[in-house]
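Source: prediction; values computed, not measured. These numbers come from the heavy atoms of this one structure, side chains and all, not from hydrogens, waters or symmetry mates. Each chain gets a letter, A, B and so on, in the order the sequences are listed, and its residues count up from 1.
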Amino acid sequence: MSGRALPRSFFARDSRELATELLNKVLVRRVAGEPTLAARIVEVEAYRGADDAGSHAFRGRTPRNATMFGPAGHLYVYFTYGMHWCANVVAGEPGTASAVLLRAAAPVEGIDVMRARRLKGRPTKLRDRDLLSGPAKLCEAFGITGTLDGADLTRRTAAGDLRLLDDGTPPPAVPLVTRRIGLAAGKGDEHPWRFCVPGDPNLSR
DNA sequence: TTTCGGATTCACT
DNA sequence: GTGAATCCGAAAT
């Protein structure tokens, strides 16, 4: 997978704008001695700190959400439902606590590794389109856990190399926009801040 | 210190 | 379509 690594300036803007721009960008994970993993992002959600009841940062900074309050271009990883990890890209200026949840992607490279991680020995079959079609699925397939919370997406890190690349594919001219998934009624679910590549088979649910 | 519920997924009906 | 799995952060006590 080749392309231009996205610089810090790309991430340092409003999370809703960043969300639409992340569509069709390529997430790449390189770890020494392992096959490269690559996937095209097809579904994201924007979250904001102060005025977004659906955001982990709504009630202010805590040890858990500290990464969201830091500089853009870092990965905010959190654990939920007692078993799942989800990953966000931090947006905006430090202190705004905004981020973009990576919800689904299309597998591009390293598909066998992704499938093995997703199956975890289960006897079921998984189509390619089921490998990354949800925020926790994406993390499982990419091996993203809490140890990568705070990782800088614009630099090589000790944990390996996790980057976002622009391979020249533009975001969709007209993204599919819906309400965000999984939020309780009245807790930010009213905002239409989910953005998708229209018609993509790898979308969640 | 206890309680509550979650930015989900999967197996099963 | 429904329910179980399963842990932790944060609010409530």
Carboxylate-amine/guanidinium proximity below 4.0 Å for A:R163 and A:D161
yes
List the steps and the verdict of salt bridge (Lys or Arg N to Asp or Glu O under 4.0 Å) for A:E17 and A:R48.
CA-CA 12 Å; A:E17 182 186 335; A:R48 299 154 55 84; over 6 Å; no
Any salt bridge (Lys or Arg N to Asp or Glu O under 4.0 Å) involving residues 95-109 of chain A? Give me the pairs, sequence neighbours left out, ordered by first then second residue.
A:E43-A:R103, A:E45-A:R103
Ion pair present between A:E140 and A:R115, side-chain N to carboxylate O less than 4.0 angstrom?
no
Using a strict heavy-atom distance below 4.0 Å, which residues from residues 190-205 of chain A are in contact with DNA chain B?
none
Please list residues of residues 131-143 of chain A whose heavy atoms come under 4.0 Å from any atom in DNA chain B, ordered by number; otherwise none.
A:G134, A:P135, A:A136, A:K137
Is the shortest distance from a Lys or Arg side-chain nitrogen in A:R40 or A:D167 to a carboxylate oxygen in the other one below 4.0 Å?
yes
Output the distance between atom CG (A:L75) and atom CD1 (A:I144), rounded to the nearest 0.5 Å.
5.5 Å
Any salt bridge (Lys or Arg N to Asp or Glu O under 4.0 Å) pairs touching residues 57-71 of chain A, not counting sequence neighbours?
none
Tell me, please, which residues at least two apart from A:R129 pass salt bridge (Lys or Arg N to Asp or Glu O under 4.0 Å).
none
What residues join A:Y76 in its hydrophobic cluster, counting side-chain heavy atom gaps under 4.5 Å, either direct or through other members?
A:Y47, A:M68, A:F69, A:Y78, A:V90, A:L101, A:L183
Determine the stems involving DNA chain C; a stem requires 3 or more consecutive pairs of the Watson-Crick or G-U wobble kind, each with both distances below 3.5 Å, and the answer is none if no such run exists.
B:1-6 with C:7-12, B:8-12 with C:1-5
Can you tell me if A:R205 has over 12 outside heavy atoms packed within less than 6.0 Å of its CZ?
no
Check for me whether A:R13 meets the cation-pi criterion with A:F11, that is, NZ or CZ under 6.0 Å from the six-membered ring centre and within 45 degrees of the ring axis.
no
Within residues 46-75 of chain A, the residues having a heavy atom closer than 4.0 Å to DNA chain B are A:Y47, A:G54, A:H56
How far apart are the C-alpha atoms of A:T178 and A:R194, what are their side-chain angles, what is the distance that settles it, and do they pass the side chain to side chain donor-acceptor pair (under 3.5 Å) test?
CA-CA 5 Å; A:T178 79; A:R194 172 175 176 249; 3.0 Å; yes
Using a cut-off of strictly less than 4.0 Å between a heavy atom of the residue and any atom of DNA chain C, enumerate the qualifying residues of residues 82-110 of chain A by number.
A:G82, A:M83
Is there any ring-ring contact (aromatic ring centres under 6.0 Å, His included) pair reaching into residues 84-118 of chain A, and which pairs are they, with sequence neighbours excluded?
A:F79-A:W85
When you list every nucleotide of DNA chain B with an atom under 4.0 Å from a heavy atom of chain A, which one comes first 5' to 3', and which comes last?
B:dG6 to B:dA11
Students often get this wrong, so: under 4.0 angstrom with heavy atoms, is A:R118 touching a base, only sugar-phosphate, or nothing?
sugar-phosphate
Under a single-linkage definition using a 4.5 Å side-chain heavy-atom cutoff for Ile, Leu, Val, Met, Phe, Trp and Tyr, are A:V113 and A:L27 assigned to the same hydrophobic cluster?
yes
How would you list, by chain and number, every residue that makes a salt bridge (Lys or Arg N to Asp or Glu O under 4.0 Å) with A:D52, sequence neighbours excluded?
A:R180
Hey, what do you get for OG1 (A:T67) to CG (A:D149), rounding to the nearest 0.5 Å?
3.5 Å
Nearest nucleotide by nearest heavy atom, which residue falls closer to the 5' end of DNA chain B, A:E45 or A:L126?
A:E45
I'd like to know whether A:T154 forms a side chain to side chain donor-acceptor pair (under 3.5 Å) with A:R8, so could you lay out the CA-CA distance, the side-chain angles of the two residues, the decisive distance to 0.1 Å, and finally the verdict.
CA-CA 6 Å; A:T154 69; A:R8 181 98 46 218; 3.1 Å; yes
Nearest-angstrom distance, C1' atom, B:dG5 to C:dG3
16 Å
Verify the cluster assignment for A:L102 and A:V77: are they in a single hydrophobic cluster under the rule of side-chain heavy atoms below 4.5 Å apart?
yes
